[in-house]
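In what follows, a structure is listed as structure tokens, so that the remarks can point back to it.
Here is the naming used below: chain letters follow the sequence lines, and residue numbers restart at 1 for every chain.
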2 protein chains.
Amino acid sequence: MKNKIESRKEEIIRVATKLFKEKGYSAVTMRDIAKSMGIKAASLYNHINSKQDILKTIIISLAEQFTAGMLEIKSSGESCVNKLKAIIKLHVTLSSQNIYGMSSLNNDWMHLEEQLPYYIKLRSEYEDDFKNILEQGIGKGELINVKPDVMMFSILTTLRSLYLWIPKKEDIDLHDLTENLSQILLDGINK
Amino acid sequence: MKNKIESRKEEIIRVATKLFKEKGYSAVTMRDIAKSMGIKAASLYNHINSKQDILKTIIISLAEQFTAGMLEIKSSGESCVNKLKAIIKLHVTLSSQNIYGMSSLNNDWMHLEEQLPYYIKLRSEYEDDFKNILEQGIGKGELINVKPDVMMFSILTTLRSLYLWIPKKEDIDLHDLTENLSQILLDGINK
DNA sequence: AATTTTAACTAACAATTGTTAGTTAGTGAA
DNA sequence: TTCACTAACTAACAATTGTTAGTTAAAATT
């Protein structure tokens, strides 16, 4: 059952994810998805339950990967600065592996229906964990004493937008990117 | 003709802008907009030409304000760091005055039709100007020598996402926010 | 008072939406 | 060979979409 080769269902989700990034969930029709695969819209329903379900699969799977990553970082016992570097790396990794899906995660989460409260819970907990790390860093004197809200917003929105930027640089080295981002986000650009 | 009081057309645009932020352009119907105003969808067409036209008005007007702001900064003769601070202030100002419209600018620009090339031109030029300032800063030794692409991406995506964050803090002082952001974006958070 | 203008309305349109029902050709297992 | 299964198809559906036409009551202008 679980083959290495892509199942038809996975293909639908992959194609849909790319279309969702280009036009947004609401502007993509089932006929668009079908046409991209060279079949008819009705045929999609042999493999998936609904359009909603495609979106849910994309978003929840990604959100849970971020949650799992944060859990590991949180309990790593590293310094706060190292935890922040690990968060940066987590975003670079997941974003580069899911450049299309990140768009739905960022822009189409409000079109989740039953799963909306669950998504919001995951996101809130992620942000709380992030903020806790920053607050500890301030408390221990590792970080400057600026409002952790503003700090988190600034860093997290940069990381959340990585998907917009990674595909533009085909030759990009992800390790370099992680290093450069860490430097910029942690130490600033001012000499 | 040009009264201080809001015209019906302006009211439509204001209401639509808010709905576009909540659900995205494609998911908002003319009947949604009309319902929010307590009238019927057909009545909207006494004041506006099309749904497209509402989006165009929102996005192009905002994009042109950013272009105008950048033009002023570019030719100010200030140091690069001060130019960057001015850009931060520009984004805080325009974002706080247009928290709903910024969402369309960021997420619904691809649904522009005739005006899409013009929008893309404005955006490219803005980013080129931004990058030039960074490159000059590096050349003069004001800024650290990291890829200006990564620097611009990091700062600009933070600034472009301000609209998501400003409304959450009702008591926010915009001057404080500008200062905090300048510190974080320019000098980092590492002590 | 007569008129034009404004801005709402109802009714309808053609196109498009997500989805279901029923059918059919091909594939692997019994 | 027979059988069940897979995955495509055509046809259709009810609902919703942006928009237009024609009407009407009130307000502004003459």
Side-chain angles (χ1 to χ4, degrees), chain A residues 1-59 104 107-116, chain B residues 1-59 104 107-116:
Chain A
M1 280 289 167
K2 265 190 192 173
N3 287 337
K4 286 182 183 181
I5 62 158
E6 186 182 52
S7 73
R8 207 71 168 128
K9 177 172 181 176
E10 286 164 344
E11 189 187 353
I12 292 171
I13 291 169
R14 177 174 54 81
V15 168
T17 305
K18 186 168 183 183
L19 292 175
F20 290 170
K21 186 199 167 180
E22 285 161 11
K23 310 203 296 174
Y25 172 74
S26 301
V28 174
T29 70
M30 296 303 280
R31 286 166 181 83
D32 289 337
I33 299 170
K35 195 164 226 174
S36 286
M37 301 183 60
I39 61 176
K40 299 288 168 178
S43 306
L44 296 170
Y45 289 85
N46 286 315
H47 309 278
I48 52 107
N49 297 322
S50 65
K51 190 188 177 192
Q52 255 299 301
D53 215 49
I54 300 176
L55 185 70
K56 183 200 82 183
T57 303
I58 297 169
I59 294 183
S104 298
N107 303 315
D108 285 320
W109 55 268
M110 72 284 277
H111 299 118
L112 289 171
E113 290 171 4
E114 294 114 292
Q115 307 277 344
L116 182 57
Chain B
M1 278 287 170
K2 267 190 191 171
N3 287 338
K4 287 184 184 182
I5 61 159
E6 185 181 52
S7 73
R8 205 72 166 130
K9 177 173 183 176
E10 287 164 343
E11 188 186 353
I12 292 171
I13 291 169
R14 176 173 56 81
V15 168
T17 305
K18 186 168 184 182
L19 292 175
F20 290 169
K21 186 198 167 180
E22 286 160 11
K23 309 204 294 174
Y25 173 74
S26 301
V28 173
T29 70
M30 297 303 279
R31 285 165 181 83
D32 288 337
I33 299 170
K35 196 164 224 171
S36 286
M37 300 182 62
I39 62 176
K40 300 287 170 178
S43 307
L44 296 169
Y45 289 83
N46 286 314
H47 308 279
I48 52 107
N49 297 321
S50 64
K51 190 188 176 192
Q52 257 298 303
D53 214 50
I54 299 176
L55 185 70
K56 183 200 81 181
T57 303
I58 296 169
I59 292 183
S104 298
N107 302 315
D108 286 319
W109 56 267
M110 70 285 276
H111 299 117
L112 289 171
E113 290 170 6
E114 294 115 293
Q115 307 277 343
L116 181 57

Please state how far atom [atom1] in [X] lies from atom [atom2] in [N], giving the value in whole angstrom units.
X	N	atom1	atom2	result
A:Q52	C:dT19	CD	C1'	14 Å
A:Y45	D:dC9	OH	P	15 Å
B:E113	D:dG18	CD	P	13 Å
A:K35	D:dA8	NZ	C1'	18 Å
B:I39	C:dT10	CD1	P	12 Å
B:N46	C:dA7	CG	C1'	5 Å
B:M30	C:dA15	CE	P	20 Å
B:I33	D:dG18	CD1	P	8 Å

Look at the side chain of [X] and decide which nucleotide, out of [options], has an atom nearest to it.
X	options	answer
B:T29	C:dG18, D:dG18, D:dA7	D:dG18
A:K40	C:dA7, D:dC9, D:dG18	D:dC9
A:R8	D:dA11, D:dA8, C:dA11	D:dA8
A:K51	C:dT10, C:dA7, C:dG18	C:dG18
A:S50	C:dT19, C:dA8, D:dG18	C:dT19

message: Over all strands shown, is A:R31 touching base, sugar-phosphate only, or nothing at heavy-atom distances under 4.0 angstrom?
response: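 Base, at least one base atom sits under 4.0 Å.
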
task: Would you indicate what A:S43 reaches in the nucleic acid, counting non-hydrogen atoms under 4.0 angstrom: base, sugar-phosphate, or nothing?
output: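 Base contact.
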
query: Which heavy atom of A:I33 sits nearest a heavy atom of A:V15, and at what distance?
result: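 Closest approach of A:I33 to A:V15: O-CG1, 4.1 Å.
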
For B:I54 against B:F20, the heavy-atom pair lying closest together: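 The pair with the smallest heavy-atom distance is CG2-CE1, 4.0 Å.
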
task: Would you sort out whether B:D32 and B:K23 count as a side-chain contact (heavy atoms from CB on, under 4.5 Å), showing the intermediate values?
output: CA-CA 11 Å; B:D32 288 337; B:K23 309 204 294 174; 3.4 Å; yes

message: If I take atom CD1 from residue A:I12 and atom OG1 from residue A:T17, how far apart are they, to the nearest 0.5 angstrom?
response: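 Rounded to the nearest 0.5 Å, the CD1-OG1 separation comes to 11.0 Å.
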
field: Ionic contact status for A:D53 with A:K56, cut-off 4.0 Å
entry: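 A salt bridge is present here (some side-chain N lies under 4.0 Å from a carboxylate O).
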
message: Looking at B:H47, I'd like to know whether one of its side-chain N or O atoms comes within less than 4.0 Å of OP1 or OP2 on C:dT6.
response: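 For C:dT6, neither OP1 nor OP2 has a side-chain N or O of B:H47 closer than 4.0 Å.
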
